[in-house]
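These notes concern the structure reproduced below.
Below, all heavy atoms of this structure are taken into account, side chains as well, without hydrogens, waters or symmetry copies. In what follows, every chain begins at residue 1, and chains take the letters A, B, ... in the order their sequences are listed.
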There are 2 protein chains.
Amino acid sequence: MTRTALTRDAILDSAAHLVKQHGPDALTMRKLAAELGTAVTSIYWHVGNRESLLDALVERTVADLGVIRPTGRTPAQRIASVARALRRQLREHPHLVAMVHERGLTERMFLPAQQALVHEVHAAGLRGTHAAEVVRAVQFQVVGFVLVERNRERAPVQQPAEEELWDTETAEDDPGLARALAGPVDQEKLFALSVRALVEALLAR
Amino acid sequence: MTRTALTRDAILDSAAHLVKQHGPDALTMRKLAAELGTAVTSIYWHVGNRESLLDALVERTVADLGVIRPTGRTPAQRIASVARALRRQLREHPHLVAMVHERGLTERMFLPAQQALVHEVHAAGLRGTHAAEVVRAVQFQVVGFVLVERNRERAPVQQPAEEELWDTETAEDDPGLARALAGPVDQEKLFALSVRALVEALLAR
DNA sequence: ACCTGAACACCGTTCAAGT
DNA sequence: ACCTGAACACCGTTCAAGT
């Protein structure tokens, strides 16, 4: 059975698959070669070395990110919709943010979202430095939230169990709060709440 | 010249030094042995293996984190002061958050800050689920911000230069905003602004 | 109890050699 | 033009052997 000819794109596809599942560290040239059914050194002919392979992978992924279309009626709603869309994009590529940052492509990657935000902030009547601050605050908020989320999801079982930590006087004083903090985080709800609060306050000043 | 006897603490000190400068990936058992002037295998006798060495390092670092003392008059001010203190702690140990997360110690690490936040949120008159949401929103906000900051600071020169990206119609329409977004981020200011906005809106509802 | 070097399996990368 | 295996320097880890 003749295998398909080894191409740069086939290598990138395979690499993307490995990275998406277990992160960039799990991408070894030898595993990649095994998955492709080729000799390790063949990969070098097509993509240079491991680092330029990752470079190419990041560049392709960033280029393939969909555009961001705001929805909603009020500026606050439309800004929140951009935040949600950005979060969804980032969650689909769990390791992309770190890889993009390491390669100095952060600004390029966020440009579509930033432009959408600028548009909505303008629609809300803001201009100049103030508008820029709002755009950046929302961007930091979304990216930060996704990074924390990702860490939490990768994390193993918490140790000690979260309940034990709140088995204190606070638990008696405010059992509802103790229960809420001991339980798991509803990230979806927390994200919506945080974005709404931030945008609301920033547009109001 | 007789070297000091090799101890578990000396190994942890040396490891902490390497990790603090270049991150956990830069900590190789062989480099560590070289810095300690000992054979690689001696380290194994004292700390087990690389993974348990990192475990011990993380545990020691978390235990040594200072307590968090809120300052300010109003609840909003005191919550913001906790956020600042937490950010300062995390910035002093740039790789700690990720390492703590990987080891399932997140909740334990944030417990002091969380308790301080709970106290202030109570002082602001909130209770139960609502109070818990505010605590978590602030915690996510701070940790997320620090993660983004760290990525930005590690990142190399942006490519393409940020100015080029904003050499568009927007630049003519609102040159103040284009200039602000093309320039570097004042992280200190952005952090203060974001925290103030979030806390303000969360306490107001 | 503490330290050592040899040895193993893994990794990225280079290079001369094949077709 | 494309692919290969051998070889090198690095890595974490084990183990038998030293004191």
- Message: If I take atom NE2 from residue A/His95 and atom CG from residue A/Asp25, how far apart are they, to the nearest 0.5 angstrom?
- Response: 8.5 Å
- Taking atom P of C/dT13 as reference, at what distance in whole Å does atom CG of A/Leu32 sit? 12 Å
- Task: Look at the side chain of A/Thr28 and decide which nucleotide, out of D/dT13, C/dG12, D/dT4, has an atom nearest to it.
- Result: C/dG12
- Output yes when at least one side-chain N/O atom of B/Ser42 is less than 4.0 Å from OP1 or OP2 of C/dC2, else no. no
- Task: Pick base, sugar-phosphate or nothing for B/Leu53, based on heavy-atom distances below 4.0 Å to the nucleic acid.
- Result: nothing
- In terms of side-chain heavy atoms, does B/Thr61 have a donor or acceptor partner in B/Asp64 at a distance below 3.5 Å? no
- Report the distance from atom CZ of B/Arg30 to atom P of D/dT13, rounded to the nearest whole Å. 11 Å
- Query: Under a 3.5 Å cut-off for both distances, is C/dA6 Watson-Crick or wobble paired, and to whom?
  - Reply: D/dT14
- Begin from the C-alpha positions of A/Ile79 and A/Leu203 and carry the test side-chain contact (heavy atoms from CB on, under 4.5 Å) through to its verdict. CA-CA 10 Å; A/Ile79 292 174; A/Leu203 293 188; 4.2 Å; yes
- Specify the separation, in whole Å, of atom CE of B/Met29 and atom P of D/dT13. 6 Å
- Item | Residue B/Trp45, side-chain heavy atoms: nucleotide from D/dT4, D/dT13, C/dC2 that is nearest | C/dC2
- Integer-rounded Å distance: C/dC10 C1' and B/Asn49 CG: 16 Å
- Query: Using a cut-off of less than 4.0 Å, is there contact between a side-chain N or O of B/His46 and OP1 or OP2 of C/dA1?
  - Reply: no
- Query: Any salt bridge between B/Arg103 and B/Glu59, counting N to O under 4.0 Å?
  - Reply: no
- Message: Expressed as a whole number of angstroms, how long is the span from A/Arg50:CZ to C/dT14:C1'?
- Response: 18 Å
- Message: Tell me whether A/Arg136 contacts the main-chain N or O of B/Leu181 through its side chain, where contact means a donor paired with an acceptor under 3.5 Å.
- Response: yes
- Mind calculating the distance between CG (B/Asp25) and C1' (D/dC10) to the nearest angstrom? 15 Å
- Task: Under a 3.5 Å limit for both distances, which nucleotide forms a Watson-Crick or G-U wobble pair with C/dT19, could you say?
- Result: D/dA1
- Message: If the cut-off is 4.0 Å, is A/Thr41 near the phosphate of C/dC15, judged by side-chain N/O to OP1 or OP2?
- Response: no
- Item | Rounded distance in Å - NZ (B/Lys31) to C1' (D/dC10) | 10 Å
- Item | Atom-pair distance (CG on B/Leu36; C1' on C/dC3), nearest Å | 13 Å
